[in-house]
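These notes are about the structure you will find just below.
One-based numbering, in listed order, for ligands and for the atoms of each. Excluded from the calculations below are hydrogen atoms, water molecules and symmetry mates; all remaining heavy atoms, backbone and side chain alike, are included.
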Amino acid sequence: MAGTVSKVAKNILAAFLGLVVSSCATLSEMRAGHEYEYDTLIINGKIIDGTGNPWYYADIAIKNDEIVKIGEVKDAAAGKTIDASGLYVTPGFIDAHSHAASGLAKPELSDAKPLLLQGITTVFVNPDGGGAIDLEKQRRELIEDGLGVNVAQMIPHGLIRRKVVGMEDRAPAVDEMKEMKRLVRKGMQSGAFGLSSGPFYAPGSYATTDELVELARQAAEYDGAYASHIRDESNYSIGLEAAVDEVIQVAREAKLPAVITHIKALGPPVWGLSESIVANVEKARAGGVEIFADQYPYMASATGLISALVPRWAEEGGHDELVERMENPKLLPKIRSQMKENLARRGGADRIQFRYYDPDSTIEGRTLKEVAAARNSSPLEMAVALIKEGSPGIVSFNMKKEDVHRFMRQRWMMTSSDGGLTALGQGVPHPRNYGTFPRKIRKYVVEKEVIDLPSAIRSMTTLPAQVFGITNRGQIREGTKADIAIFDLEQLTDKATFQQPHQFSEGMEYVLINGELAVEADKLTSERAGRVLRHTD
Ligand SMILES: [Zn+2]
């Protein structure tokens with residue numbers, strides 16, 4: 001009964017046995033009682049345990065969903081033995097910021113293939129203050145068709161605010177604040193690992209720092225963390241440095257670990273500020289504030305064209321109101337001039353590439369500059385016209401190498417994808433959906449030597465586990481859950497590019513999740529052994 005037998009087959013077999021031999025033990029009892037001492041052995045591998053320590057040789061024995069022994073177990077009887085000679089054996093990767101939840105809830109994407117082939121075994125969902133508020137409902141949707149990876153939920157501020165206060169730019173009334181606090185607490189009681197916020201986006205942007213502190217306090221009572229897409233990653237409003245300071249303030253006042261999520265210096269006006277930001281974070285840490293960050297290894301981000309270019313006041317009320325304002329000759333010039341400034345912040349129209357656009361998919365994969373030129377329009381007029389008809393998703397090439405490298409070297413830097421799951425071939429998404437984790441290792445460990453391999457692995461495993469409070473995963477250690485990635489360093493690579501993103505990563509030889517083999521010989525098995533984790537467990 002090797003790990004390749006699917007869950008469904010096991011269930012059918014169990015039901016069958018139960019029917020015809022009612023006195024017989026259930027299948028799991030039979031498995032537990034069979035002659036094998038262990039279910040799976042991983043032998044001869046170079047173990048990188050996730051702590052940042054260098055690799056060492058040892059064998060790993062797995063029983064049920066746990067690593068039960070590390071050491072010399074080669075001769076023990078096991079249901080399956082993986083010879084990891086020449087391969088690295090590390091904890092399964094934890095994606096600190098993922099938009100994959102909606103994809104994972106769809107039957108056709110729930111196997112999480114693009115994630116597992118990167119070695120990802122756990123994703124943190126509901127980031128940036130968005131996603132889902134009813135976490136129990138989301139949990140049911142996630143597990144309904146089986147789940148390829150483990151999911152850890154955050155409770156999102158922006159969505160809570162939208163539900164309670166709407167899209168209005170105002171402070172919450174006393175009873176509204178009470179209701180928002182209740183919803184954060186309810187989320188934490190449902191198993192969330194913390195509060196996520198996105199004060200860059202409407203309606204999260206309408207919240208004051210005090211509101212965020214007060215809501216983060218609710219999460220802190222349940223030992224949760226706070227992760228924020230900061231108010232300004234550029235110089236849109238309060239500026240990048242002040243936006244980082246806001247997260248530090250929330251961490252200090254609400255007394256919880258806080259994460260500057262997908263940290264970056266966005267656009268030419270703020271390039272180089274990584275130096276002062278790192279200094280500020282170090283200073284806060286020296287002063288006893290628990291502050292961390294996560295980052296994806298690309299020079300481009302992805303967002304919506306509206307969020308990137310349109311001023312927040314023009315968005316108030318939602319898309320219909322925005323279109324109305326754009327059609328109002330009194331307001332359009334003001335909107336346009338602010339959009340012009342924002343386009344300059346992003347580095348110009350040739351640095352914006354469309355990911356998806358429902359009304360007209362022919363623009364996907366092309367830049368705003370190209371689309372405007374092809375239609376004899378200015379980039380600004382083109383942007384207004386596209387926004388009136390829909391909500392274009394974009395990739396935005398806005399980062400500088402030196403900043404990306406400096407951030408990556410920090411001991412408090414986790415790895416995240418910020419990616420989602422899309423159907424194969426659909427749109428031209430950011431390649432991070434398919435390539436983040438192998439890319440960080442290939443490009444920044446092997447090729448550029450920005451960080452060493454144990455540090456990169458640490459940023460993907462023990463560090464996020466520590467920050468968010470997952471105590472039984474993220475490390476190769478006896479007693480932890482058997483989430484394991486096994487790869488060939490020479491073969492490991494991302495294949496997805498900005499022009500052709502729909503390509504799986506390569507070189508991930510085996511991935512185990514909760515003790516079950518999810519990837520074997522670089523290919524997905526039929527296992528869907530992922531779980532929705534609860535912080536309360
Ligand atoms: Zn974000």
Which residue pairs pass the ring pair (Phe, Tyr, Trp, His ring centres under 6.0 Å) test when at least one of the two sits in residues 242-272, sequence neighbours left out? His97-His262, His229-His262

Would you mind checking if Glu282 and Arg285 are paired as a salt bridge, meaning a charged N to carboxylate O distance below 4.0 Å? no

Can Arg170 be said to sit on top of Tyr206's aromatic six-ring, NZ or CZ under 6.0 Å from centre and within 45° of the ring axis? no

Near the Zn ion (ligand 1), which protein N/O/S atoms are found at less than 2.8 Å? Asp128 OD1, Asp128 OD2, His229 ND1, His262 NE2

Check Glu141 with Lys137, please: is the shortest side-chain N to carboxylate O separation under 4.0 Å? yes

Only one of Ile451, Leu453, Thr90 passes side chain to side chain contact (heavy atoms under 4.5 Å, CB included) with Ile441, and that residue is Leu453

Glu246 and its side chain to side chain contact (heavy atoms under 4.5 Å, CB included) partner, picked from Leu212, Ile230, Ile260: Leu212

